[in-house]
Structures are given as structure tokens and as C-alpha cells.
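Structure record follows, encoded as C-alpha cells.
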Amino acid sequence: MTALLPQARALHSVADLVAEGLAPAGDAALLETVAQDFRVRVTPQMRDAARTSDAVARQFVPSTQELTISPADLADPIGDDAHAPVPGLTHRYPDRVILHVTKTCEVYCRFCFRRETVGETGHLPQAQLDAALDYIARTPAIWEVILTGGDPLVLSARRIADLLARLKAIPHVGVIRLHTRVPVVAPERVTDALIAALRQHPSVWVVIHTNHADELTGAARAALGRLADAGVPLLSQSVLLRGVNDTGEALEALFRALVRLRVKPYYLHHCDLARGAGHFRTTIATGQALMAALRGRLSGTCLPTYVLDLPGGFGKVPVGPDYLHHDGERWQVTDPNGKVHAYCDPDHS
Ligand SMILES: *Cc1c(COP(=O)(O)O)cnc(C)c1O
Ligand code: SF4
């Protein structure tokens, strides 16, 4: 059967997914329940990638496993609300804030750590945006503003240009960072107008969220190339996801592909305690073993920091493998092949 939907339309419902052969018709009723709790959206790019890649499909196609809520699951797994001085702003670390400019995304990832708040509920209202910018302007410790959401690149190029121009007018804000999935999942949005908008501020970094090399379609690679050619520094964040990328081969392919695309892998996030996302979680020991296997095999440019965002809003901490321990007398250091070597600090007295 050929595709029933025109090329350019995103899939918005369980019925769309069933029509496209991406969800079994027999599960439709249960999946409707899932979709009522956290909505469905798959862009045409990701629909096409999902047809040939389970690793892509699992990220966007709802599963009946989402109905299993474990007692460990949390509504606000990383504590965004614990540090919100004004609506739409999270200020957890002194030198940087997160500005939630919209709750909308191009795709809804089934493991989303903000799944309780993201959805098609629109952009931050103008009055709240004004209040957030006012807070930033009167808080000189803020050096960096991180635009996130939802996905900030669902905003029009004009709105992004306006926002960056307003941030440029605040002298203590040196750096803007955008956390987005758009260049990968909706690469057609990376237009000349968007790139011109990003250039409104002299120091804009773009951090792309991507979890598997199969997401990096030809169009996505081209979009990342346009950003890199325009001089926009690119980093990536990935989430360690069971059944998606929890093998050494999958992570190696992803990180190597990113570096070839001039994207530096920044963070590998341990999967947060989002509600109904238990089937995506690995243990921290699994993540540590994967990172230990990659170290020594991959260029340092390819290796992100493996981090856990502590529930309750206490911040992110590196939780990668331990290479170092002190036996009371000397450091015992594990090399990339697992052999232990003693190391003594030279005498400083
Ligand atoms: C992750 C996060 C940041 C950014 O942290 P970096 O380690 O600088 O990438 C800032 N604020 C909050 C609330 C965060 O969760
Ligand atoms: S794009 Fe980001 S914010 Fe949006 S659903 Fe996916 S993980 Fe959540």
C-alpha cells in the first residue's frame, strides 16, 4: 500500500500511525488512551526513517508500555518547577537560565522528561516573555540564556530574531544556547531566514537532540551542514534509551556520525524518571559499561559526558565510569583496557 498521507504532513494521531503501518490496528484503542495523556506527532522525515528503523520508530510511536506507571516515576523528573522565579524560566545554576519559549515540538518523544508540560499549547505568552526578559535583565549573574521548550525552533524566524535582538541588548548575557531537535527531525525548517535570525546575536550555540544515527537522514545532514557553514557551533545531547541506543555499536555509530557532521557530542543523559517511560530506562551500571567500552576505542572528540539529572532539581552530575580511586596512599588508576596502575602525586611540600 502506498502512503495515504501527503508527503509534507506530520502524523498527528494514532489513526495516522495505523494508516501508515507504524502502529498495529489491534492496539489502536489502548494507544488512544496513551495519546490522550501525551500526544502524538511524527514529522514526515521521522515517519520515513521510522519505516526502516525500529530505533527511530520506538522514540515516536506510542507504546502500550506507557500505561505502566512505576512508583519511581515523577511528574517533574528534573525539578524544573523547583527553580522557577517567574513562569517560563528555570534558574538553577547562578550563571545560566533556561527560557521555555514554547511548549510545542515538531515531534513528541515518548520518553520526554517534560512530557507533563509539552504539547500543542502554544508559545510563552508575550507578558510572561516580557517578565522573563525583565528578570534576566535585572539579574547580572546570568551569563547564558538557554532557549528550550518544547522546541524553540518551532518559532518563526522572525520571532527568534526579535528574541535574540532583545537578549543582545542585555549586556551581561554573553551567550545564547538553543536546545532543539528541529535540524534532525524537521530539517526543512533550517532556512536562510532562520540562519539569519540566529546571527542576530554574536554568540549563539545550537545543541541538537539526537539519539540514533538512523535519525541523521540526508536532509538532516544537509541542515546541520548549513548551520556549521554559517559558523554556528554545534553540540549534541542524547538520551540513553533501552531498545534504541543501548549498545556500543549504536552509540559509536551516532557519535562518529555527529563528529563527521561537525557536531561535538556534549551529553549522554541517563534516562530521567518521566512517567510511563520505564521501558526506556537502563541502569546506570549499563551506561557506565557502555562509556567505558567506548573510551579508548573512540576519539576523545566523539565522547560525550554521561550525566544524571538528579530528581528534585539538584542538578546534573557526571556518572561515567570511575577511573580513579585512592587507596589511602596512592591513586589507583584504571586504564582504557581495564588494567590498574598506581600513580603518586609529586610531593608539593
Ligand atoms: C541542564 C540544565 C542547564 C544547562 O546545564 P549545562 O550543564 O550548562 O549544559 C541549565 N539549567 C538547568 C535548569 C538545566 O536543567
Ligand atoms: S523534542 Fe525535546 S521537549 Fe519535545 S518531546 Fe522530544 S524530548 Fe521532549
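Nothing fancy with the numbering, it's 1 onward along the sequence. Whatever order the structure lists them in is the order used to number ligands and atoms, beginning at 1.
- Scanning the protein heavy atoms around atom 4 (C) of ligand 1, the nearest turns out to be Ile146 CD1, 3.6 Å.
- For ligand 1, the polar-atom distance check against Thr90 finds no nitrogen or oxygen pair separated by under 3.5 Å.
- Looking only at protein heavy atoms, the nearest one to atom 14 (C) of ligand 1 is Lys316 NZ, 3.1 Å.
- Looking only at atom types and distance, the side chain of His326 has no donor-acceptor partner in the side chain of Gln332 under 3.5 Å away.
- Close N/O approach between Glu144 and ligand 1 is not found [any backbone or side-chain N/O within under 3.5 Å].
- Judged by distance alone, the side chains of Glu106 and Thr43 never bring a donor and an acceptor atom under 3.5 Å apart.
- Scanning the protein heavy atoms around atom 8 (O) of ligand 1, the nearest turns out to be Arg96 NE, 2.7 Å.
- Inspection of the environment of atom 6 (Fe) of ligand 2 yields the following protein N, O or S atoms under 2.8 Å: Cys109 SG.
- Thr117 places a side-chain N or O within donor-acceptor distance of the main-chain N or O of Arg114, the cut-off being under 3.5 Å.
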Show me the side-chain donor-acceptor pairs of residues 303-322 shorter than 3.5 Å, one per line, residues at least two apart or across chains.
| unit_1 | atom_1 | unit_2 | atom_2 | d |
| --- | --- | --- | --- | --- |
| Tyr306 | OH | His270 | ND1 | 2.8 |
| Asp309 | OD1 | Arg92 | NH1 | 3.2 |

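- Here His179 has no heavy atoms under 4.0 Å from ligand 1, in either its backbone or its side chain.
- Atom OG1 of Thr68 sits about 9.5 Å away from atom CG of Asp73, to the nearest 0.5 Å.
- Not a single heavy atom of His91 sits less than 4.0 Å from an atom of ligand 1.
- Asp48 places no side-chain N or O within donor-acceptor distance of the main-chain N or O of Gln45, the cut-off being under 3.5 Å.
- Distance from atom 12 (C) of ligand 1 to its nearest protein heavy atom, with residue and atom name: Ile98 CD1, 3.3 Å.
- A donor-acceptor distance shorter than 3.5 angstrom exists from the side chain of Arg242 to the backbone of Arg281, with no hydrogens or angles considered.
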Residue pair Thr90, His100: steps toward the side chain to side chain donor-acceptor pair (under 3.5 Å) verdict | CA-CA 8 Å; Thr90 308; His100 302 269; 3.0 Å; yes
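- Checked by atom type, the side-chain pair Thr180/Asp151 shows a donor-acceptor distance below 3.5 Å.
- Short contacts between ligand 1 and Tyr266, defined as distances under 4.0 Å to a heavy atom of the residue, involve ligand atoms 6 (P), 7 (O), 8 (O), 9 (O).
- When each of Val185, Val182, Leu258 is checked for a side-chain contact (heavy atoms from CB on, under 4.5 Å) with Ile208, only Leu258 meets the rule.
- Protein heavy atom nearest atom 7 (O) of ligand 1, with residue, atom name and distance: Tyr267 OH, 2.5 Å.
- Aromatic rings of Tyr108 and Phe60 (six-membered ring for Trp) have centroids beyond the 6.0 Å cut-off, not under it.
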